[in-house]
Protein chains: 2
Amino acid sequence: MNQVKVGSRRSFDHDSKVTLKMVADRAGVSPSTVSRILNGTAVVSDDKREQVDKAIAELGFVPNPVARGLAGGRTLSIGVVAQVIDSPFYGAALGGIEEVLGPAGYSPLFMSGHWNAAEETRCIDVLRARRVDGIIMLTGRVGDSALKTVARSLPVVVTGRHLKAPNLYSLSLDNVAGGRLATEHLIAQGHRRIAFIMGVPNHPDAAERQKGYRAALEAAGLPFDPALVLPGQFSEESGLRATERLIDSRVPFSAIFAANDQMAFGAALALYRRSLRVPDDVSLVGFDDLASALYTIPPLTTVRQPVRELGRLAARAMLELLGGRRPQMAVPQPLVIERESTRRTHPG
Amino acid sequence: MNQVKVGSRRSFDHDSKVTLKMVADRAGVSPSTVSRILNGTAVVSDDKREQVDKAIAELGFVPNPVARGLAGGRTLSIGVVAQVIDSPFYGAALGGIEEVLGPAGYSPLFMSGHWNAAEETRCIDVLRARRVDGIIMLTGRVGDSALKTVARSLPVVVTGRHLKAPNLYSLSLDNVAGGRLATEHLIAQGHRRIAFIMGVPNHPDAAERQKGYRAALEAAGLPFDPALVLPGQFSEESGLRATERLIDSRVPFSAIFAANDQMAFGAALALYRRSLRVPDDVSLVGFDDLASALYTIPPLTTVRQPVRELGRLAARAMLELLGGRRPQMAVPQPLVIERESTRRTHPG
DNA sequence: CTGAAAGCGCTTACAG
DNA sequence: CTGAAAGCGCTTACAG
């Protein structure tokens, strides 16, 4: 009845210098066989497989990914280029990516592109030098053709654009629909003068959300007033500044739709500073539904973007690509989460 | 006047299959020499060095870190185990780490331990299997002795504890001082009944901040009332719950000190829900000074923790350790940032 | 089904 | 100061 106490030791106590060759010796087979069993690369007789499994367990063998990477070309690591690692938006996406890559045996290698094409290119270079097996690009500014070029040698999945190319998968949230939903929500509550803080002007997300905003106005027969759309930078600070400008401009408005939550947070502060109450005086809608949107005062009505889910889907798509399959991911539709920052306009 | 247009191509356009051997051939030297020049491992005659540099530039050679890792034992990657990658707190620290590691030629490998010793251990195992050159541990629950064991084979820097061991460097923020500062600030404003939401009870940070809280009360001759201290989980949600419990308990209080900003955000919402105004009815102080603390309504008075700087320092300490030096980092002292969530008690 | 051998791209004693 | 050689720990044609 003696039990083999395999795996009961705290793993990093023993020097993990156990090599595949040691396993092979112990099992009485060749290294090639062990390798094949490890990789499921070929059919191996049951008895050999058994012995090898036993040897692996007894020795506590863990394959060395570095050697694997050199020999086989696979490093089991995936490069992820985000824009800013310490942003609530990217943090959520990275969390989702990590969540699916880890269990699949892959390690994410995160890098920040800082909204800068040159830096993104540098990130890609570093990642390629490190022989990652694939690259996940979260939005970013590098050109589509550059991305396609990368995809010639590595699978790539990219979010925030629509791009078709071999070995490349793109997936994005429906920003037009989201923008439309937010605006419709406000219109349904009786708002007629709805300001829009749009985020980085040449950013596709910003442009698409604006398109939704305009579509909703049009559908409701409301005029589009350029004086009501303010540029922003997707940051709290820029939302604050835009709102101040809006108020100072004396253009009448009863609601603000900010193209992301962070700008909405800034807008809320600007309104507070100018003694305008939310939602009594001004209704406010954000976009993203960051975790913190639930804890603003008042809690923010916003368009839910499944950011974490998007990260998960991107990672799954990468796994598909890696497996030689064609990914087919369905990104959930945006929906408005009504909280307490919006309300019907006063009848007057 | 023909210019050599080295490096002007978009780097990932050419297949980076240039090997060290190709460089050696072109320069007419042996691979060993190229390697030594790359690593500054030995003195090499100027003319050879020149030829090699030229060949490297012409070929656009980039050393393969994977091969380097296998052969030399250095992978130029650093494992970083945080607790939750999508948390404002860890995001900031990771940003700081990335900021200094990148330019030094190292790539961070981030993993999340999820506040769980077993998972942290798994992270460390994965990281070691990947042959990282060092490990940075952001707080975490694994035992001190386990960490020391790891340090026997790898340099480790750990935050949030005081630990002395060869090849290991620990650095932490002065939580006792921070807790004291926050409490003193409130006392100076006339508050006598100061509630404390403490965060995960057995977490060292929480315990230390509480120690500071008690020290300040004592120094001011104020009684310590256990009914005023509430457990929390460092999350917004837990801050909200704790505050609701506090209010329901009918214990009188005029101020709340939350052991981190996220709990303070939750507390603010709970107060709002119960129609208690900040700071008119209750003063509120947080801890950390997250970027978003500036945008709460009203903006949160808090104890500034240089979290991003802590990340930078941890990374620098790692670089020192890697260079065989003894790090000597001075972590900035906490200080209270007075904003608008606190005010003097009413004279009555 | 399974070995022996070569090779992935570097580094590092070991000898000059 | 500099080569030739062995080796890091795997994988993968190539032959049975």
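FYI, side chains are in, hydrogens and waters are out, and symmetry mates aren't considered; it's all heavy atoms of this structure. Lettering of chains follows the sequences in order, A, B, ..., and the numbering in each one begins at 1.
Checking dT11(C), dC8(C), dC8(D) against every side-chain atom of A71(A), the shortest atom distance belongs to dC8(C). Out of dT11(C), dT2(C), dG9(D), the shortest distance to the side chain of R36(A) is found at dT2(C). Of all nucleotides listed (dC10(C), dT11(D), dG3(C)), dG3(C) comes nearest to the side chain of V29(A). Minimum atom distance to the side chain of L20(A) is reached by dC10(D), of the listed dC8(C), dC10(D), dG7(D). Among the nucleotides dT12(D), dT11(C), dC8(C), the one closest to the side chain of S32(A) is dT12(D).
OP1 or OP2 of dG9(C) has not a single side-chain nitrogen or oxygen of R68(B) nearer than 4.0 Å. Residue N39(B) has a polar side-chain atom (N or O) positioned under 4.0 Å from OP1 or OP2 of dT11(C). Contact check, K48(B) against dG3(D): a side-chain N or O comes under 4.0 Å of OP1 or OP2. At dG3(C), one or more side-chain N or O atoms of T33(A) fall inside 4.0 Å of OP1 or OP2 (strictly under the cut-off).
Of the nucleotides present, none pairs with dA13(C) by Watson-Crick or G-U wobble criteria with both distances under 3.5 Å. Base pairing annotation: dA4(C) forms no Watson-Crick or G-U wobble pair, as no partner gives both donor-acceptor distances under 3.5 Å.
Checking side-chain atoms of S112(B) against main-chain N and O of V84(B) turns up no donor-acceptor pair under 3.5 Å. When atom types are taken as modelled, the side chain of S77(B) and the backbone of P108(B) share no donor-acceptor pair closer than 3.5 angstrom.
In this structure, a donor-acceptor pair under 3.5 Å is present between the side chains of Q83(A) and E120(A). Donor-acceptor pairing under 3.5 Å is recorded for the side chains of R130(B) and S107(A).
For the pair R130(A) CZ and dC10(C) C1', the computed distance is 14 Å after rounding to whole Å. One interatomic measurement links the two molecules: CG of L38(A) to P of dT11(D), which rounds to 6 Å at whole-angstrom precision. Rounded to whole angstrom, the span from the CG atom of L76(B) across to the P atom of dT11(C) amounts to 10 Å. Per the geometry, CD1 belonging to I37(B) stands 11 Å off C1' belonging to dC1(D), to the nearest Å. dG9(C) atom C1' lies 8 Å from atom CZ of F61(B), rounded to whole Å. L70(A) has its CG atom 14 Å from the P atom of dG7(C), to the nearest Å.
Among the protein residues, T19(A) comes within range of the sugar-phosphate backbone only, with heavy atoms under 4.0 Å from sugar or phosphate atoms but none that close to a base. If you check every strand for non-hydrogen atoms under 4.0 Å, V66(B) touches nothing.
Projected onto DNA chain D by closest heavy-atom contact, A67(B) and G28(B) fall at different nucleotides, the more 5' of which corresponds to G28(B). Map R74(A) and S30(B) each onto its nearest nucleotide of DNA chain D; the residue landing nearer the 5' end is S30(B).
Under a cut-off of 6.0 angstrom, the local environment of CZ in R74(A) is sparse, with at most 12 non-hydrogen atoms contributed by other residues, nucleotides or ligands.
Across the C1' atoms, dG16(C) and dT12(C) are found 16 Å apart, a figure rounded to whole Å.
Going from atom OH of Y169(B) over to atom CZ of R325(B) covers 13.5 Å, rounded to the nearest 0.5 Å.
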